[in-house]
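Report on one structure; see the data block that follows.
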Amino acid sequence: MNDTQITLVQESFAKVVPIKEAAAEIFYNRLFEVAPAVKPMFKGDMKDQGAKLMTTLGVVVNGLRDLDKIVPVAEQLAVKHIDYGVTAEHYETVGAALLYTLKTGLGDDFTGEVEEAWTTAYTTLSGVMISAAYSDAAE
């Protein structure tokens, strides 16, 4: 990721923060719409789950300029998600649901450049997470 992309991700996420509850709802509705098989992985109150999602996204977005600190946390999170039944294939679906959420929530502010920046950020971090969680299984 370059500096411009990081800035675009951070500035656009700042616009999502005021609507974070609605954004989390959009995300999970979309995720369950396109991948209904993952719904049983989510137990408990979805508002709480949405709050956790938005907090985690905030930490990651704010840490994009310091990947050395974010990557180990993302790797640990990925390994933990194996216990919930998450597979490497789920990351693509989650990424698509995230982009849909951003497009819906940001409207005209979700430009092609912003989409590209988010795609790069998500692809970078999901690649690290997939590698951390599934590299041993692949060997």
Side-chain angles (χ1 to χ4, degrees):
M1 290 195 71
N2 64 41
D3 191 57
T4 301
Q5 290 173 318
I6 292 170
T7 298
L8 285 169
V9 169
Q10 290 177 337
E11 288 177 352
S12 60
F13 188 73
K15 295 174 185 174
V16 172
V17 171
I19 60 161
K20 62 186 176 187
E21 289 177 11
E25 187 175 344
I26 293 166
F27 173 81
Y28 285 112
N29 286 341
R30 181 64 174 180
L31 180 63
F32 299 154
E33 177 185 329
V34 298
V38 304
K39 191 169 186 174
M41 292 181 192
F42 296 88
K43 313 228 186 296
D45 185 284
M46 288 307 295
K47 286 192 187 271
D48 290 342
Q49 182 66 39
K52 289 177 189 175
L53 169 70
M54 297 309 291
T55 297
T56 302
L57 275 174
V59 169
V60 171
V61 166
N62 289 328
L64 287 175
R65 293 190 194 285
D66 196 0
L67 286 179
D68 290 343
K69 289 184 180 173
I70 291 296
V71 166
V73 175
E75 290 173 334
Q76 290 172 358
L77 188 63
V79 171
K80 182 178 177 183
H81 278 75
I82 294 172
D83 293 338
Y84 301 131
V86 174
T87 67
E89 292 76 24
H90 289 133
Y91 284 82
E92 184 177 343
T93 305
V94 167
L98 176 61
L99 291 175
Y100 175 87
T101 300
L102 293 164
K103 182 177 183 176
T104 303
L106 293 171
D108 291 342
D109 288 336
F110 193 67
T111 64
E113 194 177 23
V114 170
E115 181 177 12
E116 183 180 329
W118 272 97
T119 300
T120 300
Y122 184 80
T123 302
T124 300
L125 285 169
S126 66
V128 164
M129 293 173 77
I130 291 167
S131 180
Y134 306 105
S135 62
D136 289 342
E139 291 175 3

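In this structure, V114 and D109 have side chains that are not in contact, with every pair of non-hydrogen atoms separated by 4.5 Å or more. The side-chain heavy atoms of E113 and T4, taken from C-beta on, include a pair separated by under 4.5 Å. At least one side-chain heavy atom of V60 sits under 4.5 Å from a side-chain heavy atom of L125. At least one side-chain heavy atom of L31 sits less than 4.5 Å from a side-chain heavy atom of F42.
A132 approaches V79 most closely through the heavy-atom pair O-CG2, 3.8 Å. Between I70 and G63, the shortest heavy-atom contact is CG1-O, 3.3 Å. Of all heavy-atom pairs between L99 and E115, the closest is CD2-O, 4.4 Å. Closest heavy-atom contact between I19 and G105: CD1-O, 3.8 Å. Residue A133 comes nearest to A78 through the heavy atom pair CB-O, 3.8 Å, listed as atom of the first residue, atom of the second, then distance. The shortest heavy-atom contact between W118 and S12 is NE1-OG, 2.7 Å.
Residue pairs meeting the salt bridge (Lys or Arg N to Asp or Glu O under 4.0 Å) criterion with at least one partner in residues 62-74, sequence neighbours excluded, are D3-R65, D66-K69. Pairs of residues two or more places apart, or lying in two chains, never qualify as salt bridge (Lys or Arg N to Asp or Glu O under 4.0 Å) while including a residue from residues 39-64. Identified under the ring pair (Phe, Tyr, Trp, His ring centres under 6.0 Å) test for residues 59-111, with sequence neighbours left out: H81-Y84.
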### Query
Where do N62 and F13 land on the side-chain contact (heavy atoms from CB on, under 4.5 Å) test, with the steps shown first?
CA-CA 9 Å; N62 289 328; F13 188 73; 5.7 Å; no

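Every residue meeting the side-chain hydrogen bond (donor to acceptor under 3.5 Å, both in side chains) condition with Q49, not counting sequence neighbours, appears here in chain and number order: Y28. In terms of the side-chain hydrogen bond (donor to acceptor under 3.5 Å, both in side chains) criterion, residue partners of E33 (sequence neighbours excluded) are, by chain and number, R30. With sequence neighbours excluded, the residues forming a side-chain contact (heavy atoms from CB on, under 4.5 Å) with E25 are N29, listed by chain and number.
For the 3.5 Å distance criterion, the side chains of E89 and T87 qualify, holding a donor opposite an acceptor.
Separating the OG1 atom in T119 from the CD atom in Q5 is a distance of 9.5 Å, to the nearest 0.5 Å.
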